[in-house]
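Chain letters run A, B, ... following the sequence lines, proteins first and then strands; every chain starts at 1.
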There are 2 protein chains.
Amino acid sequence: MSTMTTRERTSLDTSDQAVWRSYLLAARLLFEEIDRSLSEEVDLSLPDYTLLVRLGEAGEDGLRMGELADSAVFSRSRISHAVARLEQAGWVERRSCPTDRRGSFASLTESGRDKLAEAEPVHARVVQQHLLAAVDDKDSLRRLTDSIGKSLGAEPGDPVC
Amino acid sequence: MSTMTTRERTSLDTSDQAVWRSYLLAARLLFEEIDRSLSEEVDLSLPDYTLLVRLGEAGEDGLRMGELADSAVFSRSRISHAVARLEQAGWVERRSCPTDRRGSFASLTESGRDKLAEAEPVHARVVQQHLLAAVDDKDSLRRLTDSIGKSLGAEPGDPVC
DNA sequence: TTTCAATAGTTGAAATGTCAATCGTCACGG
DNA sequence: CCGTGACGATTGACATTTCAACTATTGAAA
């Protein structure tokens, strides 16, 4: 058992390397494919689509900029620029928060809801085809990605029910 | 069995949504953490680190720009800009290909090998801690990510041996 | 009250990535 | 040879992301 301890090593062994590379490659290819499909078919990037989805699930008032940033794992600055562009495009509007004048809410416009409705089937198709149908055991994938997320401080996340 | 067919749907059901979100969140958090650690500790981004790794594994002559681009899933244009920056930094050098004068080779300089050696332990530590140690079954993870990659046209990839 | 550290968000500049030409070279059919 | 279309890579303009201030507001302590 001379090499089986979990001590620190300065590099990964061959098999661990392979796990990492496989993970990186799959993720990059998948995100790229989703982004490409959304861009070509409905002229929307994956990051922008993500924001529309979050806002689409929020109530009438939308979300505070900070909440939106956290839920999408964007920096404050990035969310500010991104929402400004979405506002330009007419899909999102910002309203300042009545109870805390530092804050503002972002919410979907009618046109934003239309755009989201247009994009959803494209996203669903690609995820279905290349993520969900590609694996033989979705539950097992879910458990693994949940563990990784938890290790990185992710919230327990919306329970499925 | 009224809803169990694999027909096309226009949106994902709740449980499929959850799989997708968990996958996206884990991947974003992991890549962000690796990038952050590399940036803070050795002042190198994850994309740049990836390129140094590929070049570090290549022979004396390095790799053709196109090969490097493919192995890192970068566009031709992106690889050109990125290598130009790495060359600026003194970690990479370009030499034009003798047998095909359109092409060029990129290879690590001594300084580039040093930089890579400095970065490797940082990368290994974070991947170990948040990917490999976080999951209970690395083989199962590997199988899943391989399937996803294959579904997106990935090469069978370097066999582990 | 007045001060002051902390918070929410924005801003502009620099770095990075994407997109659409473009350049030089190659290979192949006349 | 001489086109001519395909290929490998680069370029510059533009879009996005990051980074480091900065503004305005809040809450709380003196």
Side-chain angles (χ1 to χ4, degrees), chain A residues 28-29 31-40 43-52 54-55 61-89 91-107, chain B residues 28-29 31-40 43-52 54-55 61-89 91-107:
Chain A
R28 282 186 58 66
L29 290 175
F31 297 153
E32 185 157 278
E33 177 66 16
I34 296 171
D35 191 76
R36 212 180 46 70
S37 301
L38 284 171
S39 297
E40 284 179 2
D43 193 36
L44 199 63
S45 69
L46 175 55
D48 283 354
Y49 172 74
T50 302
L51 298 182
L52 295 190
R54 302 300 161 149
L55 292 176
D61 289 344
L63 292 175
R64 289 286 292 266
M65 297 298 283
E67 296 178 305
L68 183 57
D70 291 343
S71 83
V73 196
F74 278 30
S75 71
R76 299 315 167 91
S77 171
R78 184 178 179 186
I79 209 69
S80 212
H81 286 296
V83 168
R85 289 189 300 261
L86 294 175
E87 202 174 19
Q88 277 291 35
W91 299 325
V92 167
E93 61 188 357
R94 269 186 288 198
R95 199 169 16 286
S96 95
C97 173
T99 68
D100 180 344
R101 250 169 317 189
R102 292 169 303 182
S104 39
F105 283 97
S107 59
Chain B
R28 281 186 57 66
L29 290 174
F31 296 153
E32 185 158 279
E33 176 67 16
I34 296 171
D35 190 75
R36 210 181 48 69
S37 300
L38 285 171
S39 297
E40 284 178 2
D43 194 38
L44 199 64
S45 69
L46 174 54
D48 284 354
Y49 171 74
T50 302
L51 297 182
L52 295 190
R54 302 299 160 148
L55 292 176
D61 289 344
L63 293 174
R64 290 287 291 268
M65 296 299 283
E67 296 177 305
L68 183 56
D70 290 344
S71 83
V73 196
F74 279 28
S75 70
R76 298 314 167 90
S77 169
R78 184 178 180 185
I79 208 68
S80 211
H81 287 296
V83 168
R85 289 188 298 260
L86 294 175
E87 201 174 21
Q88 276 290 38
W91 299 324
V92 167
E93 61 188 358
R94 270 184 288 198
R95 202 171 12 287
S96 96
C97 174
T99 67
D100 180 345
R101 249 169 318 187
R102 291 169 302 179
S104 39
F105 281 97
S107 60

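Rounded to the nearest 0.5 angstrom, A/Ser104 OG and A/Arg95 CZ are separated by 10.5 Å. Residue A/Ser39 holds its OG atom at 9.0 Å from CG of A/Asp48, rounded to the nearest 0.5 Å. To the nearest 0.5 Å, the span separating CG on A/Leu38 from CD on A/Glu33 amounts to 10.0 Å. A distance of 8.0 Å separates CD of B/Glu87 from CD of B/Glu93, quoted to the nearest 0.5 Å.
Between the side chain of B/Arg54 and the backbone N or O of B/Ala72 there is no donor-acceptor pair closer than 3.5 Å. Distance alone, capped at 3.5 Å, is enough to place a donor-acceptor pair between the B/Thr50 side chain and the B/Leu46 backbone.
B/Glu40 and B/Arg36 are joined by a salt bridge, as a carboxylate oxygen and a charged side-chain nitrogen come within less than 4.0 angstrom of each other.
The CE atom of A/Met65 sits 17 Å away from the C1' atom of D/dT25 (whole-angstrom rounding). As a whole-Å value, the separation of A/His81 NE2 from D/dA21 C1' is 12 Å. The CG atom of B/Asp35 sits 14 Å away from the P atom of D/dT17 (whole-angstrom rounding). We find that CG of B/Asp70 is positioned 12 Å from C1' of D/dG8, with the value rounded to whole Å. The distance between atom CG of B/Asp48 and atom P of D/dT18, rounded to the nearest whole Å, is 14 Å. Atoms CZ (A/Arg102) and C1' (D/dT23) sit 12 Å apart, rounded to a whole Å. Between the CD atom of B/Glu67 and the C1' atom of D/dC7 there is a distance of 15 Å, rounded to whole Å. With rounding to whole Å, A/Arg76 atom CZ is found 17 Å from D/dT17 atom P.
The residue A/Arg36 sits apart from the nucleic acid: no heavy atom pair falls under 4.0 Å. At the heavy-atom level, B/Ser104 lies under 4.0 Å from the strands shown only through sugar-phosphate atoms.
Mapped onto DNA chain D by nearest heavy atom, A/Arg101 and A/Ser45 fall at different nucleotides, with A/Ser45 at the one closer to the 5' end.
The nucleotide whose nearest atom lies closest to any side-chain atom of A/Asp100 is, among D/dT11, D/dT17, D/dT25, D/dT25. Of the candidates D/dG8, D/dA9, D/dT16, D/dT16 carries the atom nearest the A/Arg85 side chain, counting heavy atoms from C-beta on. Among D/dC19, D/dT11, D/dT26, the nucleotide with an atom closest to any side-chain atom of A/Ser77 is D/dC19.
Look at B/Ser75 and you won't find any side-chain N or O under 4.0 angstrom from OP1 or OP2 of D/dA9. Here A/Arg78 does not reach the OP1 or OP2 of D/dT16: none of its side-chain N or O atoms lies under 4.0 Å away.
With a cutoff of under 4.0 Å to any heavy atom of chain B, the contacted region of DNA chain C is bounded 5' to 3' by C/dT16 to C/dC26.
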